[in-house]
Structures are given as structure tokens and as C-alpha cells.
Number of protein chains: 2
Amino acid sequence: MKDSSEEDFDRIDLKILRALQSEGRLTNADLAERVNVSPATCHRRTQRLFEEGHITGVRAEVAPAAVGLGALVMVGVVLDRSTPESFAAFEGAVLEMKEVLDCNLVAGDFDYLLKIRVRDMADFNKLHGQKLIALPGVRQTRTFFVMKEVKENARLPF
Amino acid sequence: MKDSSEEDFDRIDLKILRALQSEGRLTNADLAERVNVSPATCHRRTQRLFEEGHITGVRAEVAPAAVGLGALVMVGVVLDRSTPESFAAFEGAVLEMKEVLDCNLVAGDFDYLLKIRVRDMADFNKLHGQKLIALPGVRQTRTFFVMKEVKENARLPF
DNA sequence: ATCCTCCTCGGAAGAATCTTTCATTTTCTA
DNA sequence: TAGAAAATGAAAGATTCTTCCGAGGAGGAT
């Protein structure tokens, strides 16, 4: 099996991953010092983690309220039919909706669970009436307004 | 009102926010070029966005499967009582659970919606039996295994 | 054990970038 | 409109990036 990444990470790789997960803008020099390795080695290791896809990207987290996206809403969706075509059509349409931050196909009372960010409740109401229930194959939706964000996008526990 | 940030962003700030949201490790020089501004100005603007809390952090996204966290599960939680003390106790305990990536207090059929990452179903089963239902005040949980991650942590639409 | 190959390491150094200073220009206020 | 406050770009020393190189070490075959 030459999956190119069937191997595990050693202690150095793990330290780099953990450090960059917390502080993605760390300088290579600082990172090297933290990981106790020369800057050259650190640079090579980090570059490889990116190239092999173990780090899929580095992103700045923008305060939602600062850009007029203060409202968070979770929505459960049930589709009309459970055919592959139906799922594909829904997923394709959801991918185009920039307000939808997460979309997961789940097992349980819903087919999909969505995480949506909008300006406020009025904005969500408009989105719901004009776009959500108009998505392909949607039979029913269940809305959960978020009243308090206790924990948001925590770091991966490894 | 001296909220220190009651003002909106101008076009330059927005460009910086958008660029860093997509590529958090952009060099200041590259960022400046993209935003059509001198490196000095770009540096100052970016620094200010961090200092004023509009960028809350920069984080590398680690592929979950690469670190043994291939399973994603959403869990709805209903508490025994709806008292402030009950909520506080639950939230405090959830904050200590590193497997819980998201935790939101919601309006609807549940009190809380959790997003949890573990190695596999067996791992989740153990977590559920040993820790989830043992959290303070939990009356009932409803589990949604994620079968397909259609969209995960998309960028904020602004 | 010995040799050989492959891989990873750290030092070094030119190129690139960061970060601050300063004079100038622009914006805002009275 | 005049003056104050804030933001801008050029410049430059300090820092960092990124690559090249030879040295060390693990593992395999003889």
C-alpha cells in the first residue's frame, strides 16, 4: 500500500502540527525553537506537512460580529426522497450558499445538519423563506437558533 | 460611545481580512501587493486588526484523519432542569472535554448541540457511555453520526 | 561484521522580508 | 479656511527565509 502517508508522525511532526494549529502565523525561526530543531529541518518538515496534505490550510479567524454576521443558526433538514440523485442535488446547491458554513450528511432524525451564519434573525428568516426551503428536495427543516456560543471551533485534541 | 470599534472597515481592511481568512500565512509583502498598498501600511493595518480583536487568531487546519480523528458526531443534549446553575455546570464541564469541538446553547428541541471528534464509532460509544451521559444535569442525548462531511468550516461570507 | 544506500540532520549564506522611523499628504473638525 | 490629527509611502537596519552542502545514522544485503 503506497498511500504515501500510511505512516504516523514522529514527535517533531506532532509538535509542529500542534504549534501551528494554535498559532498559524508562527515564524519558522520561532517554530524551530519551540520544537527544538534547526530552522532548516523545521522548514523542511513543515513544508512536507503542507505538501502531503496533513495541513489543509491556514486561516485567520475573523470575529463574526465584526463583519456583520452576529447570528448563528443550526438547521436540520429532511429530504423528500432518499435517492443518490436527491442527495447530490441538495449538496450541490448547498455548496453554492455562502451562508452555510457546515453541512453534514447524518444518520438520525435528519438527513442533513447545517450551520449557518447571518446578520440577525430577520436575515435568517429571509434566507429560510427564500433559499433554504427552496433547496432541491427539501421536505422539512427544523431551526435551532443559537443563543450562546459556549465553544466554537476548538482545536483538534491530539 | 467609545467602543473603540464601533466603526466599520474600509475597503483595505476588508481586503486584508478576506485574504488572511483564506491564506493565513500570507507574507506581509504579498498581502500588501494583493491589497494595493505599501508594505508599511499593510503591516500597520494588519497589526491593528489583530490588536483590536477583529482577527481572533490564525490557525492551521490539520486533517482530522491524519491525527486519528476520523469520526465526526453531532449530539443534541437535553438537561434535567432549566436553571442558570444547571446550564453553568454543564457548560463548565463541556469546556473541559477536548473531544467537544463546538457547543452551542440553542432554542428548540434541545438545550445544547455538540460537535465531537473521535477516532471511530467504538471510541464515541465509550465517550458517550462514560462521559457524555455523566455530564452534570444531562437528561437525554440524541446522536447524529456524520456519514459525509459535505462542507466543513467554510469561510465567513463578507 | 562490513559495506553500501538512503534518508535526515544542522551550518552557512545570499535573497527576501519584517518592522520601525520620518517627512509628507490626506482627512476631519471647529 | 485654518489647524490638528491621522494615515500614507519610501528607506534602511535587523531579522528571517530558503536552499545548498557535507556529515552523521539507520537499515539491508553480502
Side-chain angles (χ1 to χ4, degrees), chain A residues 1-63 65-68 155-156 158, chain B residues 1-63 65-68 155-156 158:
Chain A
M1 214 172 294
K2 64 188 299 293
D3 203 343
S4 89
S5 61
E6 191 54 54
E7 71 223 57
D8 274 11
F9 301 121
D10 64 10
R11 189 168 290 102
I12 296 178
D13 287 328
L14 285 177
K15 277 191 190 175
I16 293 177
L17 288 175
R18 276 191 275 257
L20 285 181
Q21 197 189 14
S22 294
E23 299 179 47
R25 256 181 112 72
L26 267 183
T27 265
N28 181 65
D30 289 343
L31 185 58
E33 189 176 2
R34 240 182 243 220
V35 175
N36 269 83
V37 110
S38 76
T41 294
C42 185
H43 184 264
R44 241 173 293 127
R45 295 279 197 136
T46 303
Q47 193 170 252
R48 191 147 65 106
L49 289 172
F50 276 93
E51 284 171 354
E52 293 183 351
H54 301 128
I55 299 179
T56 56
V58 178
R59 296 184 15 202
E61 298 184 323
V62 178
V67 291
R155 293 172 322 180
L156 260 37
F158 64 89
Chain B
M1 214 172 299
K2 66 187 301 290
D3 203 344
S4 90
S5 62
E6 191 54 56
E7 72 222 56
D8 273 13
F9 301 122
D10 64 10
R11 188 168 291 101
I12 295 179
D13 287 329
L14 285 177
K15 278 191 190 175
I16 292 177
L17 288 174
R18 276 191 275 258
L20 287 181
Q21 198 190 10
S22 294
E23 300 179 46
R25 258 180 109 73
L26 266 182
T27 265
N28 181 66
D30 289 342
L31 186 59
E33 189 176 2
R34 237 181 246 220
V35 175
N36 270 82
V37 109
S38 76
T41 293
C42 185
H43 184 265
R44 242 172 296 132
R45 303 284 283 237
T46 303
Q47 193 171 253
R48 191 148 66 105
L49 289 173
F50 275 93
E51 283 170 357
E52 293 183 350
H54 302 126
I55 298 179
T56 56
V58 178
R59 295 186 14 203
E61 298 183 323
V62 178
V67 290
R155 295 173 322 183
L156 261 36
F158 63 90

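As the structure is a computational prediction, the values presented were derived from the model and not from experiment. Convention: sequence-line order gives letters A, B, ...; per-chain numbering from 1.
For the pair B/R59 (side chain) and A/G24 (backbone), a donor-acceptor distance under 3.5 Å is absent. Side chain of B/T27 to main chain of B/D30: no donor-acceptor pair is present (N/O by atom type, distance under 3.5 Å, no hydrogens or angles). Under a 3.5 Å cut-off, the side chain of A/T56 and the backbone N or O of B/E61 do form a donor-acceptor pair.
D/dT16 atom C1' lies 15 Å from atom CD of A/Q47, rounded to whole Å. Taking atom CZ of residue A/R34 and atom C1' of nucleotide D/dT16, one finds them 16 Å apart after rounding to whole Å. Between the C1' atom of C/dC9 and the CG atom of A/N36 lies a distance of 14 Å, rounded to the nearest Å. D/dG25 atom P lies 17 Å from atom CG of A/D10, rounded to whole Å. As a whole-Å value, the separation of A/I12 CD1 from C/dC7 P is 18 Å. Summarising the geometry, the separation between CG on B/N28 and C1' on C/dC18 is reported as 7 Å, rounded to the nearest angstrom. Nucleotide C/dA16 holds its P atom 19 Å from the CG atom of B/L31, rounded to whole Å. Going from atom CD of B/E33 over to atom P of C/dC18 covers 12 Å, rounded to whole Å.
The side chain of A/V37 approaches C/dG10 more closely than any other nucleotide in the set C/dG10, D/dA7, D/dT16. Checking C/dC9, C/dT19, D/dC17 against every side-chain atom of A/R45, the shortest atom distance belongs to C/dC9. Listed nucleotides C/dC18, D/dT18, D/dT8 differ in distance to A/H43; the shortest reach to its side chain belongs to D/dT18. Among the nucleotides D/dT16, D/dT18, C/dT17, the one closest to the side chain of A/D30 is D/dT16. In the set D/dT18, C/dC18, D/dT8, the nucleotide with an atom closest to the side chain of B/T41 is D/dT8.
When heavy atoms are screened at a 4.0 angstrom cut-off, B/A40 is found touching base atoms of the nucleic acid.
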Applying side-chain contact (heavy atoms from CB on, under 4.5 Å), run through B/R25 and A/L20 and close with a yes or a no. CA-CA 10 Å; B/R25 258 180 109 73; A/L20 285 181; 3.6 Å; yes
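Between B/P39 and A/T27, the residue anchored nearer the 5' end of DNA chain D, judged by the nucleotide with its closest heavy atom, is B/P39. Both A/R44 and A/A29 sit near DNA chain D, but only A/A29 has its closest nucleotide nearer the 5' end.
Residues A/R45 and A/I12 meet the side-chain proximity criterion, which asks for heavy atoms closer than 4.5 Å.
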